[in-house]
Amino acid sequence: MQMSAGYFTLTNSATQPINITHVTSPQFEAVEKHESVIEDGMARMYPLGDLMVPAGSSIVFEPGGKHLMLMRPIGEFDVVTLQFHADKAVLLTVSVALTN
Ligand SMILES: [Cu+2]
């Protein structure tokens, strides 16, 4: 396994918008934000820029839509930690169990 995809719903319950610039994980050398689209009947994916989450709303990462690409795993693990960054600040750290 050299690559995994991450799906989740991110809810901003604060009263200010948040802007996620990048996502990292200690278990992977690289994490990219992507969006899948269908073009001419072919599924393609594109890198996403900053993710703006308006106050009180959610963005959904799901198969066929936005997702995280987790690339080049480091060692063996059962739990993946994801850190959502706004520039140099870590906004959110979550740990999730791997599923197939
Ligand atoms: Cu992708």
Side-chain angles (χ1 to χ4, degrees):
M1 178 192 74
Q2 284 301 305
M3 202 176 284
S4 298
Y7 305 114
F8 49 88
T9 299
L10 196 62
T11 300
N12 178 10
S13 53
T15 56
Q16 299 290 320
I18 58 173
N19 191 42
I20 295 163
T21 54
H22 60 291
V23 183
T24 59
S25 172
Q27 286 83 29
F28 291 87
E29 286 182 22
V31 180
E32 292 184 3
K33 311 185 290 307
H34 285 178
E35 179 146 39
S36 294
V37 294
I38 303 291
E39 282 179 357
D40 302 326
M42 299 271 293
R44 296 178 195 279
M45 56 189 188
Y46 292 99
L48 283 172
D50 291 359
L51 294 170
M52 177 66 78
V53 190
S57 64
S58 300
I59 51 175
V60 178
F61 283 65
E62 59 190 347
K66 294 183 177 69
H67 57 276
L68 294 181
M69 300 297 304
L70 308 171
M71 294 177 289
R72 299 193 297 280
I74 301 166
E76 303 261 312
F77 47 82
D78 297 321
V79 170
V80 174
T81 300
L82 295 171
Q83 293 183 304
F84 294 81
H85 302 255
D87 295 311
K88 289 182 179 161
V90 177
L91 290 178
L92 173 69
T93 300
V94 292
S95 291
V96 293
L98 286 180
T99 57
N100 290 319

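Both counts, for ligands and for their atoms, begin at 1 and track the order of listing.
Atom NE2 is the N, O or S atom of His67 at the shortest distance from the Cu ion (ligand 1). The Cu ion (ligand 1) lies closest to atom ND1 when only the N/O/S atoms of His34 are considered.
Between Phe8 and Phe61, the angle of the ring planes stays under 30°, which puts this pair in the parallel group of the 30/60° scheme. The aromatic rings of Phe28 and Phe77 stand perpendicular to each other, their planes meeting at an angle above 60°, with 30° marking the opposite boundary.
Checking Ser36 against the Cu ion (ligand 1), every N/O/S atom stays at or beyond the 2.8 Å cut-off.
Heavy atoms only, all atoms of each residue included: Asn12 and Ile18 are closest at ND2-N, 3.5 Å.
Angle SD (Met69) to the Cu ion (ligand 1) to SD (Met45): 120°, rounded to 10°.
Residue Lys88 holds its NZ atom at 11.0 Å from OG1 of Thr21, rounded to the nearest 0.5 Å.
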